[in-house]
Amino acid sequence: SVYSTFLQCFKNYTNSSTQLNNIVFSQTNSSFSTVLRNYIRNARFNTTSTSKPLIIVTPLQESHVQGTVICAKRIGIQIKIRSGGHDYEGISYISDEPFIILDLFNIRKVSVDIEKETAMIQAGATLGEVYYRIWEKSKVHGFPAGVCPTVGVGGHISGGGYGNMLRKYGLSVDNVIDAQIVDVQGRLLDRKSMGEDLFWAIKGGGGASFGVVLSYTVKLVSVPKIVTIFRVMKTLDENATDLVVQWQKVAPNTDDRLFMRLLLQPVTSKKVKKTKTVRASVVALFLGGADEVVSILRNEFPLLGLKKEDCNETSWIGSVIWWNDADDFNNGAKPETLLDRNLNSASFGKRKSDYVQKAISKHDLESIWKKMIEQGKVGFVFNPYGGKMAEIASDATPFPHRAGNLFKMQYSVNWDDPSDAAGQNFLNQAKNIHSYMTPFVSSNPRSAYINYRDLDIGINHFDKNSFEDGKVYGTMYFNNNFDRLVKIKNAVDPENFFRNEQSIPVSKENQ
Ligand code: FDA
């Protein structure tokens, strides 16, 4: 069987005489299902019909990763690499072809060096663990990455990684200074030995196209002892539309220390029962004190009406807890909650993304609200750019969406009803509203964020059209950087061993 052939090869390679039951799991191993499900973060891909791997490998050390790559390649079986399992389309743990999951949750050391202001972070660490380990050593250092603590470093940084400090410090990849990767020949490489091209590619070119990332070394950033967080909500009858018009002018242009995310959600009105409205929530982090941000916004964003009472001054780690769950924060949750890897539930979900480069007019916003209310459940998350994001060249990393973008929008819908009909309905809603937004978002190419994985924008079938297929989603995710990514792919993995539904294809000549 594939399992015994793989196991034999793996044993030989890793020189292991010990039992490998806790590292290499066949489908008949009693822990197989638990290991598989532990890091499935979307219930859409946790059903009886979801494709299952033949084997799961959970390495404890580098040589186990090298052995998996070498043996999977020898057998000719696909590997799917999983770090935190948050891929929105589940492509780190499902596949249409026979496959092995290489699950890195045990490779998760975080070593923080405050003197050098750096941290070495292994791929299987979660962002919560990264934030916690930094906080343990220093109260005035942080790292700019995503706001959900269970997200895995491996996938997150491979795709860019952004959070509420992006206007001040850019993306996670803008702060990466070294990395370790296992390449297709099973070699363990660092920045020097992999060379600047491959190092460039794995800082935003998307996971799983070039090799297995084992760790990133990052620069830490400074955070003040006191930061300010706030949330202000308004519905349409409270002038939310004008608020959004003003937000588009202010949020991408204001002080770099201020990140004001805007959430838009169709909801039932509290005032007039059964009437639907849209609720706009401005959720913010300011790297400074409350008086200062209130004064900035009194001038720049009067429609927000921010008062000091709306603000909470806290430590940076406090703001991380609040951004993840304000109730936890209000209940006095300790930083240790960031170490929790268990999600209480994983609901069904779908995400899509777009970039907005020209402010949307009041008239158009009103028509968008109508569409949102008509569709019923899909919400938007607007994340302002500008600041540092506009200063970094669009080819400095594979992530191209820099100057010229006012904000990135995420389409977001979650649901709990497991029926196919419910699922189809919500997936259709997301598609409909994405299509409705066409005139208001970037075009030629219509851009998207790789970490908000969306298979609707194209899939690779690895047939004779593989390059063309890849160009469709590749251009949307990487714009003009796609060609360089293909060149690097040709050089480091010409046989396309590292591949998934939306990986970087090899060029036509190499197909
Ligand atoms: P997962 O393990 O599913 O991997 C994702 C992709 O990367 C897969 O293709 C996988 O094969 C590949 N990969 C994983 N590990 C690898 C490795 N070591 N080497 C090579 N390839 C590897 N994003 C963001 O920028 N800011 C945010 O605030 C958030 N917030 C957020 C919240 C929630 C609840 C979810 C579900 C997702 C986000 N995201 C996000 C998106 C997130 O950044 C994205 O899904 C990441 O790819 C997740 O990385 P994981 O390692 O968890 O995923």
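Treat the numbers as computed from the prediction; the structure is a model and nothing was measured. We count ligands from 1, going down the list as the structure has it; atoms in each ligand are counted the same way.
Counted by atom type alone, Thr58 and Asn22 present zero donor-acceptor pairs between their side chains at under 3.5 Å. Side-chain contact of Asp416 with Ser347: a donor-acceptor pair under 3.5 Å is absent, judged by distance alone. The closest side-chain donor-acceptor pair between Lys489 and Asn496 falls under 3.5 angstrom.
In summary, Asp354 and Lys408 do not engage in a salt bridge, as defined by a charged side-chain N under 4.0 Å from a carboxylate O. A salt bridge links Lys352 with Asp456: the distance from a Lys NZ or Arg NE/NH1/NH2 to an Asp or Glu carboxylate oxygen falls below 4.0 Å. Salt bridge annotation for Arg257-Asp255: present, with a cationic side-chain nitrogen under 4.0 angstrom from a carboxylate oxygen. Ion pairing between a basic and an acidic side chain is recognised when a charged N comes within 4.0 Å of a carboxylate O; Asp87 and Arg453 show such pairing.
At under 3.5 Å, a nitrogen or oxygen of Tyr162, whether backbone or side chain, sits near a nitrogen or oxygen of ligand 1. Polar contact check, Gly152 against ligand 1: a nitrogen or oxygen pair lies under 3.5 Å apart. The shortest N or O to N or O distance between Ile91 and ligand 1 is not under 3.5 Å. Distances between N or O atoms of Cys148 and those of ligand 1 include no value under 3.5 Å. By the 3.5 Å distance cut-off applied to N or O atoms, Ser158 is not counted among the residues near ligand 1. An N or O contact shorter than 3.5 Å links His156 to ligand 1 by distance.
When only non-hydrogen protein atoms are considered, atom 22 (C) of ligand 1 lies nearest to Ile81 CG2, 3.8 Å. Of the protein's non-hydrogen atoms, the one nearest atom 41 (C) of ligand 1 is Asn451 O, 3.4 Å. Given atom 48 (C) of ligand 1, the protein heavy atom at minimum distance is His86 CB, 3.7 Å. For atom 28 (O) of ligand 1, the closest non-hydrogen atom of the protein is Val147 N, 3.0 Å. The protein heavy-atom contact nearest to atom 21 (N) of ligand 1 is Ala208 N, 3.0 Å. For atom 15 (N) of ligand 1, the closest non-hydrogen atom of the protein is Ser83 OG, 2.7 Å.
Around atom 7 (O) of ligand 1, the closest heavy atom drawn from Gly155, Ser92, Gly124 belongs to Gly155.
Ligand 1 places these atoms under 4.0 Å from at least one heavy atom of Gly161: 25 (O). Within the listing of ligand 1, atoms 18 (N) sit less than 4.0 angstrom from a heavy atom of Ala123. Within ligand 1, counting atoms from 1 as listed, the ones closer than 4.0 Å to a heavy atom of Arg82 are 2 (O). Close approach to Leu104 involves these atoms of ligand 1, each under 4.0 Å from a residue heavy atom: 18 (N). The atoms of ligand 1 that sit less than 4.0 Å from any heavy atom of Arg453 are 6 (C), 9 (O). Interface atoms of ligand 1 facing Asn500, defined by a heavy-atom separation under 4.0 Å, are 9 (O). For ligand 1, the atoms sitting less than 4.0 Å from at least one non-hydrogen atom of Gly146 are 26 (N), 27 (C), 28 (O), numbered in the order shown with element in parentheses. Ligand 1 places these atoms under 4.0 Å from at least one heavy atom of Tyr449: 24 (C), 25 (O).
For atom 38 (C) of ligand 1, a protein non-hydrogen atom is found at a distance below 4.0 Å.
Checked options Lys350, Arg41, Lys80; the residue passing with Glu89 is Lys350 (criterion: salt bridge (charged side-chain N to carboxylate O under 4.0 Å, His left out)).
Distance check: Ser95 OG to Arg499 CZ gives 7.5 Å after rounding to the nearest 0.5 Å.
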